[in-house]
Peer 1: 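Provided herewith is a single structure, encoded as structure tokens, for subsequent inquiry.
When reading the values below, keep in mind they use all heavy atoms of this one structure, side chains included, and skip hydrogens, waters and symmetry mates. Note on naming: letters A, B, ... go to the chains in the order of the sequence lines (proteins, then strands), and numbering restarts at 1 for each one. Nothing here was measured: the structure is a model prediction, and the numbers come from that model.
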There are 2 protein chains.
Amino acid sequence: MVDVAILGYGTVGSGVVEVLTTNKDSINKRAGKKINLKYVLDLRDFPGSPIEDILTKNYEDILNDPSVKVIAEVMGGVEPAYTFVKKALLSGKSVVTSNKELVARHGAELLKIARDKNINFLFEASVGGGIPIIRPLNQSLTADEIYEITGILNGTTNFILSKMADEGLDFETVLKEAQDKGYAERNPEADVEGFDACRKIAILSSLAFGMQVDFEDIYTEGITKISDIDMKYAKQLGYDIKLLATSKKKDEKVYAMVSPMMIGKDHPLSNVNGVFNAIFVKGNVIGDVMFYGKGAGKLPTASAVVADIVDAVKHLERNIVSFWSTKKMELMSVDNVLSRCFIRLEPKSIDMVHNQIKEIFGDVQYVKIDDKVDEIAFITDAFKEGILKEKINDLDTKNIASKVLSVIRIDK
Amino acid sequence: MVDVAILGYGTVGSGVVEVLTTNKDSINKRAGKKINLKYVLDLRDFPGSPIEDILTKNYEDILNDPSVKVIAEVMGGVEPAYTFVKKALLSGKSVVTSNKELVARHGAELLKIARDKNINFLFEASVGGGIPIIRPLNQSLTADEIYEITGILNGTTNFILSKMADEGLDFETVLKEAQDKGYAERNPEADVEGFDACRKIAILSSLAFGMQVDFEDIYTEGITKISDIDMKYAKQLGYDIKLLATSKKKDEKVYAMVSPMMIGKDHPLSNVNGVFNAIFVKGNVIGDVMFYGKGAGKLPTASAVVADIVDAVKHLERNIVSFWSTKKMELMSVDNVLSRCFIRLEPKSIDMVHNQIKEIFGDVQYVKIDDKVDEIAFITDAFKEGILKEKINDLDTKNIASKVLSVIRIDK
């Protein structure tokens, strides 16, 4: 028998309790030992709940109990999670977590402590909810040099974009519905501004490339500027608009970026709709592999947390090696990345605009939708991002556009 | 340093050598030890090849060398692979294999020997080529009760069906092209009759449900009867036709089946085209997850074999537990499975046929395509397979159809 503790009895924490109870027999069989939930830490009271008798408000109860070998941290946020987790690892207890902020910021350090102590720090649930991606990256794709990871890593924004595309609604309307349904937070910033996806691609990049990728260094753009009009143009072009988080290695240089992208119907991520997530990995021998599933939600996330508990119990005194060193990786500036763009603008002079655009961008592909006659939309060739930025700036400064309405990258 | 040997220098074997060479540094880092390829076993000569100096024609050289700790069996076929692998395991050497025939037939026994010897028998490459699926089933989805696995597990048939759908060609024409391109064997039976997919779903079912599922017990139907006309009807209905291998658990009973299926565009497998494979897994807490990638080919398969070599080297004297017992699972007869069908027939009497069909199947949904006026096609409600079989038989015996042209299941 192994005693475990859960820090936090919110959505994920109560899900973990539910999964441990529902699938008790098969989980114990898989772990090779009986898993006994001894404590749940939460500052709130839960009278009448199944964990009433094992609830504690004092972390020291757990930390000082030598029988507790594995702790599941599912509180979220950097503090006090970081302090709790670090203390646990230093005292020889393995930790599993669903906390992407914690892992993105302190993953390398916590992995190192676990390695030094010959125990484990596992975080399958921190990216892609229930989708197995951390363990496959660490243990299955070991024959490959990974050179690209691209994913739809945030279910809330994918739900919003899917619904905008399907029903022709605008961003604000769909966001409100997502909030009403509980798919989006009251303060939706972390999701819709891309911050959540940014932390997740930082974690995946650090694991795939073996060095610390700081999320602050990743170029990040959210979906708040995507309009129902953009969706109509995308449809006209046969594209979907998705919030993609990507990180690519070329000539030993890595860049990472989170931004809305237009992708073709033949792109494997174009069929990933609603709250589903998917992660696409490219290796130099395996080619393309993709992992798909529910990226969030109580039970899928709890499934990943419990799978990590099982792994921690199976490896109580044996570190499962991963290659995320504390050495910082200097990312390449996205200014040097080649991109094609979809651009929409209100022209100053409808007569001159085509010539003016040609002067700046060379030959472009124009797009028209029926109900927008007073604007101009086109797709550029591939330019370096830094140069594109200047060219788009020229549209303003050279008096070509009275307003640049949209700039959306195209995946090609 | 760990010495390893490869049995068989065919497509996969030479791929394994290539991967071990190309990604040597990162592989050794992942394994935590230098992997030294000491022998390659093959009866042929390979003068001038990179393995000329380590080639042996005598398996005893490898078996009797105590420095060899891990053997990769990539010969294919049951014998002599089975004898070689069993001897290796009994002598304390871990074995990794890409050989689905061997694993489907003897997996449970070989896993047991590995367990008893505290070494490993790993077979990631036997299903889905490079796609990580065996390790995720064993180690990631441990919190779940799996109740369904459905996959496109054969790249050759998926290539053929995708091409038939895209280009309106008939089966024979596309098969010939696949053979010319090397995607299909000269004797294509194992692929086109579904035998390959059958062995793979047997392996996945055994792992997911923890008991021996004999492939001989699995209802298996190939794609040789699918015509270009069927494809036209499918297109008309908004469906794709895919060869699906599926195994489902309900009320503690499991059934398994390989057959062509019509699936809707919103089915996650409908977008899996060409030589790609994908495996869909449903768990009681994780929900739906899918794994996607190249299901065959030299380097993707070699990537999975080498990942297993790395895992075997990391666990030289420690068994990685899996739950595939030698106890045989009695599968439920497919006669009791509910299916909807697409049926095409040449009617004896065009005047009476609609009434006759109604008498047998009740209300059906008729489908028409432009260039087929002399035949009748329809979709039935869901019936148990056993009853459907009788009803389809009635079309003959009750003189309704001069010929039943097609019967294709519909996934709903």
Peer 1: Give me the one residue out of B/Tyr292, B/Phe276, B/Phe291 that meets side chain to side chain contact (heavy atoms under 4.5 Å, CB included) with A/Met290.
Peer 2: B/Tyr292
Peer 1: Name the member of A/Asp266, A/Val289, A/Val306 that forms the most heavy-atom pairs with chain B at distances under 4.5 Å.
Peer 2: A/Val289
Peer 1: Given a strict heavy-atom distance threshold of 4.5 Å, which part of A/Ser322 is in contact with chain B: side chain, backbone, both, or neither?
Peer 2: neither
Peer 1: For A/Lys298, is it the side chain, the backbone, both, or neither that has a heavy atom closer than 4.5 Å to a heavy atom of chain B?
Peer 2: neither
Peer 1: Looking at B/Leu20, B/Asn23, B/Asn138, which has the largest count of heavy-atom pairs under 4.5 Å with chain A?
Peer 2: B/Asn23
Peer 1: Calculate, to the nearest 0.5 Å, the distance between atoms CD1 and NZ belonging to B/Ile286 and A/Lys294 respectively.
Peer 2: 10.5 Å
Peer 1: Tell me the closest heavy-atom pair linking B/Ser303 and A/Ala143, and the distance in Å.
Peer 2: O-CB, 3.3 Å
Peer 1: B/Arg30 pairs by side chain to side chain contact (heavy atoms under 4.5 Å, CB included) with which of A/Val321, A/Asp144, A/Leu141, A/Thr142?
Peer 2: A/Thr142
Peer 1: Would you name the heavy atoms of B/Gln139 and A/Arg135 that are closest together and state the gap between them?
Peer 2: O-NH1, 3.7 Å
Peer 1: Drop me the distance from B/Glu145's CD to A/Ile27's CD1, to the nearest 0.5 angstrom.
Peer 2: 8.0 Å
Peer 1: In terms of heavy-atom proximity below 4.5 Å to chain B, should A/Leu137 be classed as side chain, backbone, both, or neither?
Peer 2: backbone
Peer 1: If you tally heavy-atom pairs under 4.5 Å against chain B, which of A/Ala302, A/Gly130, A/Gly129 wins?
Peer 2: A/Gly130
Peer 1: A/Asn273 versus chain B, heavy atoms under 4.5 Å apart: side chain, backbone, both or neither?
Peer 2: neither
Peer 1: Under a 4.5 Å heavy-atom cut-off, does chain B meet the side chain of A/Val285, its backbone, both or neither?
Peer 2: both
Peer 1: For the atom pair OG (B/Ser140) and CG (A/Asp311), what is the distance rounded to the nearest 0.5 Å?
Peer 2: 7.5 Å
Peer 1: A quick test of your reading: do over 12 heavy atoms of other residues, nucleotides or ligands sit less than 6.0 Å from NZ of B/Lys33?
Peer 2: yes
Peer 1: Please identify, among A/Ile131, A/Val305, A/Asn284, the residue contributing the most non-hydrogen atom pairs under 4.5 Å to chain B.
Peer 2: A/Asn284
Peer 1: At a heavy-atom separation under 4.5 Å, does B/Thr22 approach chain A through its side chain, its backbone, both, or neither?
Peer 2: side chain
